[in-house]
Amino acid sequence: MKEYLYSAFREAENKIPELKEISISFDVPKSIEHGDLSSNAAMLLTKRLKKNPKVIAQEIIDALELNKSVISKVEIAGPGFINFFFSKDYVTKIIKEILDKKDKFGKSDKFKGKRANVEFVSANPTGPLTVGHGRNAVVGDTVANLLEWIGYDVEREYYFNNAGRQMRVLGDSVKYRYLEILGDKIEFPQDYYQGEYIKDIAMQLFIKYGDSLRNEDPESIFKDTAEQEIFFDIKKSLANLGINHKIFFNENSLYEEGKINELLKTFKEKNLTYEKDGAVWLKLSELGQPEDKVMVKSSGEPTYRLPDIAYHSVKLQRGYDLLIDLFGSDHNATYPDVMAGLKAIGYDSSKVKVLIHQFVTIMDGGEVVKMSTRKANYITLDELNGEVGKDVVRYFFNMRNINSHMFFDLSVAKKQSDENPVFYVQYAHARINSILRRVKEEQLEVSINHLELLSHEDEQALLKTLHQFSEEVLLSAKELETHRICTYLYELAAAYHKFNRTSRILGTERHLAEARLTLAYATMIVIKNGLSILGVSAPEEM
RNA sequence: GCGCCCGUAGCUCAAUCGGAUAGAGCAUCAGCCUUCUAAGCUGAGGGUUAGUGGUUCGAGUCCACUCGGGCGUACCA
């Protein structure tokens, strides 16, 4: 609906040139009394024109050449809002568009030809994915979906590190459990991985190799087997949620391909490094960061910053127009250094968008569950998925703004899953399918021939909600905010349930019945499209 | 101490670039099924948007400070 008004305002700029100086926007007013779309342009111009906003509003209205068949009424209200009321005909037209585009309705080609990379999950293979990783996984995949909906060619990527201290401890942990199975009496160190899965891997090795591995290095077969098994499980957990990464990027390849040394050399050439206490420091303080940081430890090992910068430069070299990083708030201190480093060596760091989600606090029966992979005190993503199902997991994690901390009460999720909003949305979809099955007996058909009969306020409200879908997708994708889709779908479902109550189909005069049926059918398409962005199923029966 | 995020109804959360009377769900209370799924609908109660000050036609939203919470602040990743 906004498009029409934007172009009308653009034409009005000829008569009121000051309109060019402000950013024109249209809001959907909270109350229907204030029309379908509202503009605050007059109020924004009060200073420039030094006139009463209501007077300016009238001048704007006079300058606009509006088609009566689109805009039925324009009003000045409140302190100077210009409220536009759309004609019934125009509002109804959306049905034709939906029927025409079907599962493509809401998609846009605004960013067609652009390439994006979304890096998410990126957990090292030291243990199963927990509920905490779930938020990252679901939001990352949904952000990727959103970008695809506005035209991007998207690649999903998983960055991991199978070297380093964490993985050494993993190998050691497996070896200790293996020795336990062989009957050795050892005290399992507290800071080793305590999870049952370590014992399972050790047992597998015992079954396969007997006691022949007693003298093997923990970093060889023990670590390698653990990595393989754990990664297999991680991928399976993700696949169970409909998530499939195209690229698994091993940090180690950056070393093997000399990218780390290359980067270090570049920094040195640009005179951005110095040595102190046997370590190599990057002059981040000269790059707008609070303090210099160590890139290469005195031991000769790089810190995580160096590979992180190298990794991002490699990704930028691949030619993406947009790079998304998604990680938890525990990493919030690391990315400014990476961005500063990238910028210093000539990359366009504005292509990198870092999304940081706040933590998920797991509750069980009102009690906080402290999570630690090391201590094996956690609820796995698989367990959660098994309890409540993919649809609930995906909807739930997408529901909230990632800037907010999120409470996940397991006992509530299990016990009251019936009351989860995802069912409310899915139920609307199922209800529509139900009526579609029923009308076959009545020989009613989906038809655009009598849509002008849709005049009930609940029908009009539903139509206007349908109008907003495309804009909502575009906005959600631009802002990289998945929760907006959930909010929208909930409103759409509510509008449908209301309509379902007041605008009955069976037992109604044929033309009106078919018009309503067609509206319901269009609603079904939009609900299904919205749910598909979230990766949530649209059941035909519940 | 410093940096990032947060503080909205009893609970969990929305709120478009700063817009009009701050909205939903859960919970509580009162209604609605011989009619397309009651996993639904209608209504009621519930708020000094943590606090103080500022910016302006207008602030939950922006700025400053205070209080409270989360995460960081390594030659760990």
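Predicted model only: the values in this text are computed from it and were never measured. Proteins come first, then strands; the chains are lettered A, B, ... in the order of their sequence lines, and each starts at number 1.
Note on residues 464-476 of chain A: pairs passing side chain to side chain donor-acceptor pair (under 3.5 Å), not counting sequence neighbours, are A/Asp36-A/Lys464.
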Can I get a per-line list of side-chain donor-acceptor pairs under 3.5 Å for residues 281-291 of chain A, giving both atom names and the distance, sequence neighbours left out?
residue	atom	partner	partner atom	Å
A/Trp281	NE1	A/Lys276	O	3.2
A/Lys283	NZ	A/Asn271	O	3.0
A/Ser285	OG	A/Asp292	OD1	2.7

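The closest side-chain donor-acceptor pair between A/Thr126 and A/Gln166, if any, does not fall under 3.5 angstrom.
Scanning for salt bridge (charged side-chain N to carboxylate O under 4.0 Å, His left out) contacts around A/Lys73 gives A/Glu75, with sequence neighbours left out. Residues that satisfy the side chain to side chain contact (heavy atoms under 4.5 Å, CB included) test with A/Asp308, not counting sequence neighbours, are A/Tyr159, A/Tyr304, A/Val338. In this structure, the side chain to side chain contact (heavy atoms under 4.5 Å, CB included) partners of A/Glu18, at least two apart in sequence or on a different chain, are A/Ile16, A/Glu21, A/Leu45, A/Leu49. Contacts of A/Leu37 classified as side chain to side chain contact (heavy atoms under 4.5 Å, CB included), with partners at least two apart in sequence or in another chain: A/Met1, A/Lys2, A/Leu5, A/Phe26, A/Val28, A/Phe86. With sequence neighbours excluded, the residues satisfying side chain to side chain donor-acceptor pair (under 3.5 Å) with A/Ser38 are A/Asn83. A search for side chain to side chain contact (heavy atoms under 4.5 Å, CB included) contacts involving A/Asn250 returns A/Phe160, A/Asn162, A/Asn252, not counting sequence neighbours.
A heavy-atom distance below 4.0 Å to RNA chain B is reached by these residues of residues 21-36 of chain A, ordered by number: A/Ser23, A/Ile24, A/Ser25, A/Asp27, A/Val28, A/Lys30, A/Glu33, A/His34.
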Could you write out RNA chain B as a dot-bracket string, with dots for unpaired bases, | for bases paired across to another strand, and Watson-Crick or G-U pairs counted at under 3.5 Å?
(((((((..((((.....[...)))).(((((.......))))).....(((((..]....))))))))))))....
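Rounded to a whole Å, the CG atom of A/Asn403 is 5 Å from the P atom of B/C6.
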Could you pull out the protein-nucleic contacts involving nucleotides 41-51 of chain B (nitrogen or oxygen on both sides, under 3.5 Å)?
residue	atom	partner	partner atom	Å
B/C41	OP1	A/Tyr424	OH	2.5

Show each protein N/O and nucleotides 9-12 of chain B N/O combination with a separation under 3.5 Å, one pair to a line.
residue	atom	partner	partner atom	Å
B/U12	O2'	A/Arg400	NH2	2.1

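Stacking between A/Tyr490 and B/A24 is absent: the aromatic ring centre is not both under 5.5 angstrom from the base six-membered ring centre and within 30 degrees in plane angle.
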